[in-house]
Student: 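There's a structure below that I have some questions on.
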Amino acid sequence: MALKIIIANWKMNPLTIKEVEVFLKNFKLFNFRNVEVIICPPFPFLYLFGKTKSKKIKLGAQNISSEISGAYTGEVSASMVSNLKASHVILGHSECRARGETDQDINKKILIALKYNLTSILCLGEKERDERGDFLSFVESQLKNCLLGVPKNKINQIIFAYEPIWAIGKDSKREATVEEFIEMKIFIKKIISNLYDVKTAEQIKIIYGGSVSPENAQIFVKEGKADGLLVGRDSLNIERFKQIITNSI
Ligand code: PGA
């Protein structure tokens, strides 16, 4: 059975090294199986995970530059995060898109991630759902633009995260329903099957993100058959995060 993928997106938290160390110490004592846990801390804390040598946790970055190296003040390259033992990178998060990141930037980043053997966690999702279904064409164009030039044999190095923007963060009114997730999952597979082929579409991994909690984790994984979850604020609360993992098995 394929492992469920549980990803922690810590965003710009926590604020101190001490807090990361406390998390790591606590997490080391937590036993779980059949789940792949990927923690994505802020860039300056990546090295702390490399030091722990914990085989239980995989490491992800929250972004990379769309350039390989050079005069790009403030940017962090794929090679740098890979040197710090990151195996994954979140790309196209709506909070980065809101700061100006375009599908074209994300496409460049995916191609660079492939070059450095990083698995991309590609975030897709609409701002709002309209009755005419325009949100579907919005997600379709995100997907098509971001995958330009990605060869079929590299699709398994991309995890597709459906994260409707309206479901993200503490100000959101609700998470998606399991039906909304399933509908989008089928839609994404249909696009992949048109872009590549049915076999490729069957193999891709699609996870859900947006107000994931211990209370709803199981519904998405069991009823929605999500391949995993992308967790924001509840990944910072260690007890709630552990509960999410336990409930996803
Ligand atoms: P949330 O964030 O779980 O706090 O809604 C999810 C995300 O932005 O990845």
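Note that these values count all heavy atoms, side chains included, but never hydrogens, waters or copies made by symmetry. Just follow the structure's listing: the first ligand is 1, and inside any ligand the first atom is 1. Nothing here was measured: the structure is a model prediction, and the numbers come from that model.
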Student: So, 4.0 Å and heavy atoms of G169: is ligand 1 close enough to count as a contact?
Tutor: yes

Student: Is ligand 1 less than 4.0 angstrom away from at least one heavy atom of K11?
Tutor: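 Heavy atoms of K11 do come under 4.0 Å of ligand 1.
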
Student: Say whether I168, considering both its backbone and side-chain N or O atoms, lies within less than 3.5 Å of an N or O atom on ligand 1.
Tutor: no

Student: Examine distances only and state if a side-chain atom of Q62 and a backbone atom of K11 form a donor-acceptor pair shorter than 3.5 Å.
Tutor: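 Yes; at least one donor-acceptor contact below 3.5 Å.
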
Student: Quick one: are the ring centres of F30 and F27 less than 6.0 Å apart?
Tutor: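 They qualify: ring centres under 6.0 Å apart.
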
Student: Check for a donor-acceptor pair, side chain of N83 on one end and backbone N or O of S79 on the other, with a separation under 3.5 Å.
Tutor: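 Yes, N83 side chain to S79 backbone: donor-acceptor pair under 3.5 Å.
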
Student: Can you pull out the closest protein heavy atom to atom 4 (O) of ligand 1? Residue, atom name and distance to 0.1 Å, please.
Tutor: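 Nearest protein contact, heavy atoms only, for atom 4 (O) of ligand 1 is R233 NH1, 2.7 Å.
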
Student: Using a strict 4.0 Å cut-off to heavy atoms of N9, name the atoms of ligand 1 that fall inside it.
Tutor: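 Contacts of ligand 1 toward N9, numbered from 1: 9 (O).
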
Student: Keeping the roles fixed (side chain from K109, backbone from I64), state whether a donor-acceptor pair exists under 3.5 Å.
Tutor: yes

Student: Tell me if the centroids of the rings in F23 and W10 come within less than 6.0 Å of each other.
Tutor: yes

Student: Please test D134 against R132 for salt bridge (Lys or Arg N to Asp or Glu O under 4.0 Å), starting from the C-alpha separation and ending with a verdict.
Tutor: CA-CA 6 Å; D134 285 348; R132 286 196 321 186; 2.5 Å; yes

Student: Number the atoms of ligand 1 from 1 as they appear, then name those within less than 4.0 Å of a heavy atom of H93, with their elements.
Tutor: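 Close to H93: 7 (C), 8 (O), 9 (O).
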
Student: Give me the nearest non-hydrogen protein atom to atom 3 (O) of ligand 1 as residue plus atom name, then the distance to 0.1 Å.
Tutor: G232 N, 2.9 Å

Student: Distance alone, cut at 3.5 Å: any donor-acceptor contact between the side chains of S213 and E215?
Tutor: yes

Student: Show me which atoms of ligand 1 lie under 4.0 Å from any heavy atom of S211.
Tutor: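 Those qualifying, in numeric order: 1 (P), 3 (O), 5 (O).
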
Student: Could you identify the single nearest non-hydrogen protein atom to atom 9 (O) of ligand 1 and state the distance to 0.1 Å?
Tutor: E163 OE2, 2.8 Å

